[in-house]
Protein chains: 2
Amino acid sequence: MPDFDKLDKAIHEKGRLSIMTLLATRMAWSFQDLKAELSMSDGNLITHLRTLHKLGLVAVTKEIRDRPQTSYALTEKGRSAFQEYLRVLEQIVKAGRK
Amino acid sequence: MPDFDKLDKAIHEKGRLSIMTLLATRMAWSFQDLKAELSMSDGNLITHLRTLHKLGLVAVTKEIRDRPQTSYALTEKGRSAFQEYLRVLEQIVKAGRK
DNA sequence: AAGATAACTTTGTAATACAAAGCTTGGAAG
DNA sequence: CTTCCAAGCTTTGTATTACAAAGTTATCTT
């Protein structure tokens, strides 16, 4: 049976799960790209990003490049936490497909 | 990219996801078995079950069998909603493993 | 009748998602 | 320089909801 206790609550929430998935597919995403891809409000997006950042799962890079532009990327900790999370998802899929 | 919009919110919540997964593996579960397996409080468990029932995803059968015993099972709708949900999980796993 | 257990219901608290609107900073255009 | 705009962030408010704990009802056992 899947190990539901290991379903990291911070990652599991829909908005943050979306963010984490995107961050896992590319090295770095700008705030604008995330916002466009996920169609979230500024406030909601940044709150989720901050939550993930506070937990050490996401790194924030601010650079000024034409316009000010902030980029977000997974930390090592974030990457492994996400892989761990995915492991539980796999268990669920496996159990649910039976 | 995964279709996050299709992540049914009712199913996605951790407690209900656990329930749905268990219900998908066996035809029917008694209230007591669910409670033992998930170590949830009575109130919390029944609230989740009622939420799922109201949405038509879970069927409730009350029988009196030695002690009163209520059983819960997926409806057809519940089964297909869950499969749809699992399809999104698979997309997430696939995207996240890259 | 008394007790025990299943299955609820009720109540209260704390967390949190989300939108909307405002603020701030930096660059570009006049 | 100042006006404008967009990026990023903060604040505020609302509404939802998870969850625990305690109380209630109904049914079976002794």
Side-chain angles (χ1 to χ4, degrees), chain A residues 2 4-23 28-73 81 85 88, chain B residues 2 4-23 26 28-55 57-73 85 88 92:
Chain A
F4 295 107
D5 295 336
K6 286 199 180 151
L7 258 196
D8 186 330
K9 208 181 164 190
I11 299 178
H12 188 63
E13 191 279 328
K14 199 170 167 178
R16 288 187 299 266
L17 175 54
S18 313
I19 293 172
M20 291 294 285
T21 306
L22 292 195
L23 292 185
W29 286 73
S30 71
F31 185 86
Q32 289 305 315
D33 286 354
L34 286 175
K35 186 179 155 188
E37 182 75 29
L38 301 173
S39 27
M40 280 190 206
S41 68
D42 281 25
N44 195 17
L45 177 53
I46 206 156
T47 304
H48 283 318
L49 284 170
R50 176 156 54 233
T51 300
L52 294 170
H53 175 63
K54 273 185 189 161
L55 293 168
L57 305 182
V58 164
V60 185
T61 310
K62 305 192 189 206
E63 56 181 322
I64 295 173
R65 183 188 176 72
D66 188 27
R67 307 211 143 276
Q69 175 170 316
T70 309
S71 290
Y72 300 88
Y85 175 85
V88 184
Chain B
F4 296 106
D5 295 335
K6 286 200 178 149
L7 258 196
D8 186 331
K9 208 181 163 190
I11 299 179
H12 188 62
E13 192 278 327
K14 198 170 166 177
R16 288 187 298 267
L17 176 54
S18 312
I19 293 172
M20 291 293 286
T21 306
L22 293 194
L23 293 185
R26 263 188 8 207
W29 286 73
S30 71
F31 186 85
Q32 289 304 315
D33 286 353
L34 286 175
K35 185 179 155 186
E37 182 75 29
L38 301 173
S39 28
M40 281 190 206
S41 68
D42 281 25
N44 195 17
L45 176 54
I46 205 155
T47 304
H48 283 317
L49 284 169
R50 164 148 353 105
T51 299
L52 294 169
H53 175 63
K54 274 186 189 161
L55 292 168
L57 305 181
V58 164
V60 185
T61 309
K62 305 191 190 206
E63 56 181 322
I64 295 172
R65 181 189 176 71
D66 188 28
R67 307 210 143 277
Q69 176 170 317
T70 309
S71 291
Y72 299 87
Y85 176 85
V88 184
I92 292 171

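Please read all numbers here as calculations on a predicted model, not as lab measurements. First the proteins, then the strands, lettered A, B, ... as listed; each starts at 1.
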Verdict with supporting geometry, B:Leu49 and B:Leu34, side chain to side chain contact (heavy atoms under 4.5 Å, CB included): CA-CA 10 Å; B:Leu49 284 169; B:Leu34 286 175; 4.1 Å; yes
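Scanning residues 36-47 of chain A for heavy-atom distances under 4.0 Å to DNA chain C yields A:Ser41, A:Gly43, A:Asn44.
With a 4.5 Å cut-off on side-chain heavy atoms, B:Leu52 and B:Leu23 do not count as touching. The side-chain heavy atoms of A:Gln69 and A:Gln32, taken from C-beta on, include no pair separated by under 4.5 Å. Contact of the A:His12 side chain with the A:Tyr85 side chain is registered, since non-hydrogen atoms from C-beta on lie closer than 4.5 Å.
Scored by the salt bridge (charged side-chain N to carboxylate O under 4.0 Å, His left out) test, A:Lys35 finds A:Asp42 as partners (sequence neighbours excluded).
Rounded to an integer number of Å, the gap from B:His48 NE2 to D:dA18 P is 5 Å. The distance between atom NZ of A:Lys14 and atom P of D:dT17, rounded to the nearest whole Å, is 12 Å. In this structure, NZ of A:Lys35 is placed 13 Å from C1' of C:dA19, rounded to the nearest angstrom. One interatomic measurement links the two molecules: CD of B:Glu13 to P of C:dT16, which rounds to 13 Å at whole-angstrom precision. At whole-Å resolution of the value, CG in A:Leu49 and C1' in D:dC9 are 11 Å apart. As rounded to whole Å, 14 Å separates atom P of D:dT17 from atom NZ of A:Lys9. Following rounding to the nearest Å, B:Glu63 (CD) and C:dT5 (C1') show an atom-to-atom distance of 16 Å. Across the protein-nucleic acid pair, B:His12 atom NE2 and C:dT16 atom C1' stand 14 Å apart, rounded to whole Å.
Within a 6.0 Å sphere centred on NE2 of A:His53, other residues, nucleotides and ligands contribute 12 heavy atoms or fewer.
Taking 4.0 angstrom as the limit, A:Arg16 places none of its side-chain polar atoms (N or O) nearer than this to OP1 or OP2 of C:dT16. The phosphate of C:dA6 (OP1 or OP2) has no side-chain N or O of B:Tyr72 nearer than 4.0 angstrom. Contact annotation: A:Gln32 side-chain N/O to D:dG8 OP1/OP2 distance is under 4.0 Å.
Across all strands, A:Lys62 comes closer than 4.0 Å only to sugar-phosphate atoms, never to a base (heavy-atom distances).
Across all their heavy atoms, A:Ala10 and A:Leu55 have their closest contact at CB-CD1, 3.4 Å.
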